[in-house]
2 protein chains.
Amino acid sequence: MKTETRKEEIVQTAAKLFKEKGYSAVTMRDLAKAMGIKAASLYNHINSKQDILKDIIISLAEEFTQGMQLIKSSEATSIEKLKKIVSLHIHITSRNPNGMASLNNDWMHLEEQKHHYIQLRHRYEDDFRQIINEGIKSNEIKKSNSDVMLFSMLSTLRSLYLWIPKKEDLNTETLSQNLSEVLIDGINK
Amino acid sequence: MKTETRKEEIVQTAAKLFKEKGYSAVTMRDLAKAMGIKAASLYNHINSKQDILKDIIISLAEEFTQGMQLIKSSEATSIEKLKKIVSLHIHITSRNPNGMASLNNDWMHLEEQKHHYIQLRHRYEDDFRQIINEGIKSNEIKKSNSDVMLFSMLSTLRSLYLWIPKKEDLNTETLSQNLSEVLIDGINK
DNA sequence: TTATTAAACTAACGCTTGTTAGTTTATTTG
DNA sequence: CAAATAAACTAACAAGCGTTAGTTTAATAA
């Protein structure tokens, strides 16, 4: 029986290298060296370089989709839903920041799954936007440009993969509260 | 006498391709095809692929450095300085969004200039942080986590290159006001 | 007209890429 | 012990990479 853990080691190591230099700049020989083996040996565990990227990205994309479904269908005010989105990003990212780098920066190198990924991302953004618009309708959120709000929140949440690993001893609950406060209430006194 | 404009066409075309696929995934043959010539012909105008990347990134990095110096030395409140930083990012990015993609995503593929770039970026972040901290001291800005504030603002500003080209008919002054409002006052009513 | 020059071309180079085939080694299972 | 299996290895491949050398073409300057 194949030990699935060796493959996962390879995928995790690949994610780390992809974060540092991007998918295209990482060679199978780089990856092999990082694993302490020869490049050809990698193929006892994985099908192709492409397949590694797919493994990294698609599972994360589906985690976000699933999380968003739960938030959408929850009984909560719009502001509470936004806080849950912040928390979702922080929890997924802190578990796998390297993979999040690929999700953000290397999705265009997907092949068969690229269309699927783009679809999931668009649906996610649409759900996010709708929550903001509902908040505007219900007078919870300012009636200014909702596209700017969506853009600003998403940009920040998508950059978490760069920031979370630098603050190792940071409690994710505290971060979630701090970040929600800044994103929702601003910085002005 | 060499016409400098042909080289600039190549650099601009390269920036566009680098934005779409990243520096490493763009070959000189891709770039040549986009210019309607053969790969070897590119070398009548440029020294190397590396050199194109350097041209794109370093000039932009120095624009930011220069802009930050002006803001630092200006007579303005901390909040006003932050608004000027927002405006700086929007103006530089709207002039050259493709180049900003390389600045954000391909800087690690610089060679001799990588250290210089990293230095400029650190100084920029330090100046940014100091403006926030001064605002906290002078009671203009909330006394919550200033690292979170810096991270959130910078993440949003660094993502502008993805967003500005999608909103072509957008007035940069209006955008600057809207974005400053969201970043500084939040979205909460 | 002749000389100069900008900007394209063809052909090729040495190197690196992802990947395959076939083999060896060491551990686990019947 | 024998058989099976996981996981490494060596060697090699065809294709693609950035880049160079030398040449041709067409427009401009003397």
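Order of the sequence lines sets the chain letters (A, B, ...), proteins ahead of strands, with each chain counted from 1. Keep in mind that this is a model prediction, so the values were computed, not measured.
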>> Looking at every non-hydrogen atom in both residues, tell me the closest pair between B:D147 and B:R129 and how far apart they are.
In response: OD1-NH1, 3.4 Å
> Rounded to the nearest Å, what distance is computed from the CD atom of residue A:Q50 to the C1' atom of nucleotide C:dT17?
Replying inline: 14 Å
> Within this structure, what is the CE-to-C1' distance between B:M28 and C:dG14, rounded to whole angstrom?
Replying inline: 17 Å
>> Tell me the interatomic distance from A:L53, atom CG, to C:dG18, atom P, rounded to whole angstroms.
In response: 13 Å
> Rounding to a whole Å, what distance do you find between A:L42:CG and D:dA6:P?
Replying inline: 17 Å
> What class does the angle between the rings of B:F64 and B:Y124 fall in, given that below 30° is parallel, 30 to 60° is tilted and above 60° is perpendicular?
Replying inline: perpendicular
> Rounding to a whole Å, what distance do you find between A:L17:CG and C:dT17:C1'?
Replying inline: 16 Å
>> Could you walk me through whether A:E8 and A:H45 satisfy the side-chain hydrogen bond (donor to acceptor under 3.5 Å, both in side chains) test, starting with their C-alpha distance in whole Å, then the side-chain angles of each, then the deciding distance to 0.1 Å, before giving a yes or no?
In response: CA-CA 9 Å; A:E8 277 167 35; A:H45 308 281; over 6 Å; no
> Aromatic rings A:F18 and A:Y23: how do their planes relate, parallel, tilted or perpendicular, breaks at 30° and 60°?
Replying inline: perpendicular
Which protein N or O atoms sit under 3.5 Å from an N or O of nucleotides 8-12 of chain D?
unit_1: D:dA8; atom_1: OP1; unit_2: A:R6; atom_2: NE; d: 3.1
unit_1: D:dA8; atom_1: OP1; unit_2: A:R6; atom_2: NH2; d: 2.6
unit_1: D:dA8; atom_1: OP2; unit_2: A:H45; atom_2: NE2; d: 2.8
unit_1: D:dA8; atom_1: N7; unit_2: A:N44; atom_2: ND2; d: 2.3
unit_1: D:dC9; atom_1: OP2; unit_2: A:K38; atom_2: N; d: 2.5
unit_1: D:dC9; atom_1: OP2; unit_2: A:S41; atom_2: OG; d: 3.1

>> Minimum heavy-atom separation for A:P97 and A:Y161, please, with both atom names.
In response: O-CB, 3.5 Å
> Given atom CG of A:N47 and atom C1' of C:dT19, what is their separation to the nearest angstrom?
Replying inline: 12 Å
>> Using whole Å, what does the distance between atom P of nucleotide C:dA7 and atom CD of B:E8 come to?
In response: 12 Å
>> When you measure from the side chain of B:S176 to the backbone of B:E173, do you find a donor-acceptor pair of N or O atoms at a distance under 3.5 Å?
In response: no
> Between atom CD1 in B:I46 and atom C1' in C:dA6, what is the gap in whole Å?
Replying inline: 16 Å
